[in-house]
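I have placed the structure first, in the form of structure tokens, so that the comments after it can refer back to it.
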Amino acid sequence: MEDFIVILKYLFLGLLQGFTEPIPVSSSGHMEIAAYFFNVDIQGMSFAILVNTASLFAVLIIYRHDIIRLIQNGMTYIKTKDPKTKADFRFIIYLIIATIPAGVLGVLFGDYLDGNIKTVGFTLIVTGIALWLIRNFKGRKSDRDLTLKDAVIVGLAQSVALIPGISRSGATIVAAMGLGMKQETALRFSFLLYIPVSVGSMILGFSDIFADPNLDKLVLPYTIAFAASFIASYFALKWFMGIMARGNLKYFAIYCFIAGPLVILFS
């Protein structure tokens, strides 16, 4: 019976992380909420790496055509300087540049950014305000119109999401749309930007999974959590893409306005 409860717990955590990772409500914040209000403790420090890797795989599958095109055109531009492929080559460079702020700040200050449950409540409200401010923005910039300035600002926005409760997708999409990007471009840049950050975290933390002293007894729960996170991330991102196309970001803002004060009030 105890083993069954453990499996249910990790199934729940995998679904929660997977569903909240792509949408602008902060997956890390919701994991903190689950730990506090439902007394859900996570055995093993490698769990976050595992479920984030599952979300990464979902993003890779959904954006596989964009990734393949960017790689092919990027390599073509390096070899031939074909002007038709220059825009995709620049897009890759901007993704690399936008990755730097979060990477540097994460390494330097990551250990100092652990918050408490009330911090999550306040940062959810901040996320809601940011989403509300850009809810009606209709940008004009496509992939070909991005600039170095855009990449730096979106990269800095992603680094703000190191604070618990600040949504990574929310911060980057708000910044991108605030800079005048179309919803589709903002969404694509945000989630392609998620890939190098997630890959870096996976590589740096991969050894933690095998060094986890609880690994032997957590193989099955971890496998279930990984599968749950992958499936939830895939469908949540597909759903969020439809929400973005319809311009309904206000609903996520409203959710944050409700969830944030409730977390503060009852914690």
Side-chain angles (χ1 to χ4, degrees), residues 22-24 26 56 59-60 62-109 126-127 129-163 166-201 237 240-241 243-249 252-253:
I23 63 177
S26 177
L56 169 64
V59 172
L60 289 172
I62 290 174
Y63 282 99
R64 63 190 182 280
H65 298 302
D66 292 290
I67 295 168
I68 292 170
R69 188 197 73 245
L70 287 170
I71 292 173
Q72 289 177 339
N73 288 346
M75 293 300 294
T76 298
Y77 183 78
I78 291 173
K79 293 177 181 178
T80 67
K81 296 296 187 292
D82 183 349
K84 294 180 181 179
T85 60
K86 184 177 181 179
D88 283 337
F89 175 76
R90 289 173 56 198
F91 195 93
I92 295 171
I93 297 300
Y94 291 154
L95 285 173
I96 294 171
I97 292 170
T99 302
I100 295 172
V104 172
L105 293 176
V107 171
L108 293 177
F109 303 109
V126 172
T127 296
I129 292 171
L131 291 170
W132 186 262
L133 289 175
I134 57 95
R135 68 192 186 281
N136 295 322
F137 281 18
K138 303 290 183 183
R140 295 183 177 181
K141 287 183 180 180
S142 66
D143 294 14
R144 295 178 174 274
D145 301 317
L146 302 187
T147 66
L148 176 61
K149 175 184 174 183
D150 296 333
V152 171
I153 292 175
V154 175
L156 290 171
Q158 180 168 251
S159 66
V160 174
L162 293 169
I163 301 171
I166 296 291
S167 165
R168 191 212 66 85
S169 63
T172 52
I173 288 171
V174 165
M177 292 181 66
L179 290 165
M181 294 186 202
K182 296 177 179 178
Q183 289 97 327
E184 181 184 358
T185 297
L187 192 66
R188 180 162 43 249
F189 195 84
S190 172
F191 282 100
L192 291 179
L193 184 57
Y194 171 74
I195 294 171
V197 171
S198 184
V199 168
S201 299
L237 180 50
F240 184 46
M241 291 168 79
I243 294 287
M244 283 287 290
R246 295 188 294 272
N248 290 334
L249 281 173
F252 294 106

I need the Asn73 CG to Met75 CE distance, nearest 0.5 Å. 11.5 Å
Is the shortest side-chain heavy-atom distance between Met244 and Met177 below 4.5 Å? yes
Result for ring pair (Phe, Tyr, Trp, His ring centres under 6.0 Å) between Phe189 and one of Tyr94, Phe91, Tyr63 points to Phe91
Among Ile96, Leu95, Thr99, exactly one meets side-chain contact (heavy atoms from CB on, under 4.5 Å) together with Pro196. Which residue is that? Thr99
Can you name the closest pair of heavy atoms from Ser190 and Thr172 and give their distance? OG-OG1, 2.7 Å
I want to check a possible cation-pi pair here: Arg168 against Phe191, using under 6.0 Å from ring centre and within 45° of the ring axis as the test. yes
Can you tell me how far apart OG (Ser159) and CD1 (Ile166) are? Round to the nearest 0.5 Å. 11.0 Å
Quick check: closest heavy atoms across Arg69 and Asp143, and the distance to 0.1 Å? NH2-OD2, 4.2 Å
What heavy-atom pair brings Gly247 and Lys138 nearest, and what distance separates the two atoms? CA-NZ, 4.5 Å
For the CD1 atom of Ile134 and the CD1 atom of Ile129, what is their distance to the nearest 0.5 Å? 13.0 Å
Interatomic distance, Leu148 atom CG to Ile153 atom CD1 [nearest 0.5 angstrom]: 10.0 Å
Can you tell me if Lys81 has over 12 outside heavy atoms packed within less than 6.0 Å of its NZ? yes
Within the structure provided, determine whether Met181 and Leu146 are in side-chain contact (heavy-atom separation under 4.5 Å). yes
So which heavy atom on Ser167 is nearest to which on Pro24, and how close? OG-CA, 3.1 Å
Sidechain-backbone polar pair: Ser198 side chain, Tyr194 backbone, donor-acceptor under 3.5 Å: no
Correct closest heavy-atom pair for Leu70 and Ile92 would be O-CD1, 3.1 Å
If you round to the nearest 0.5 Å, how far is CG of Asn248 from CD of Gln183? 10.5 Å
Taking side chain as C-beta onward, heavy atoms only, is Phe137 less than 4.5 Å from Leu249? no
Side-chain contact test, heavy atoms from C-beta onward, threshold under 4.5 Å: evaluate it for Ile93 versus Phe89 and give yes or no. yes
Determine whether Ile195 and Ile67 satisfy the following criterion, side chain to side chain contact (heavy atoms under 4.5 Å, CB included), listing intermediate values before the conclusion. CA-CA 10 Å; Ile195 294 171; Ile67 295 168; 3.6 Å; yes
Counting only heavy atoms not in Lys149, do more than 12 sit closer than 6.0 Å to its NZ atom? no
Pick from Asp150, Thr185, Thr147: which one makes a side chain to side chain donor-acceptor pair (under 3.5 Å) with Lys141? Asp150
Over all atoms of both residues, closest heavy-atom pair of Ala186 and Ile173: O-CG1, 4.2 Å
So, taking the atom named CZ in Phe240 and the one named CG in Leu187, what distance separates them when rounded to the nearest 0.5 Å? 6.0 Å
Is the CZ atom of Arg144 crowded by more than 12 outside heavy atoms at less than 6.0 Å? no
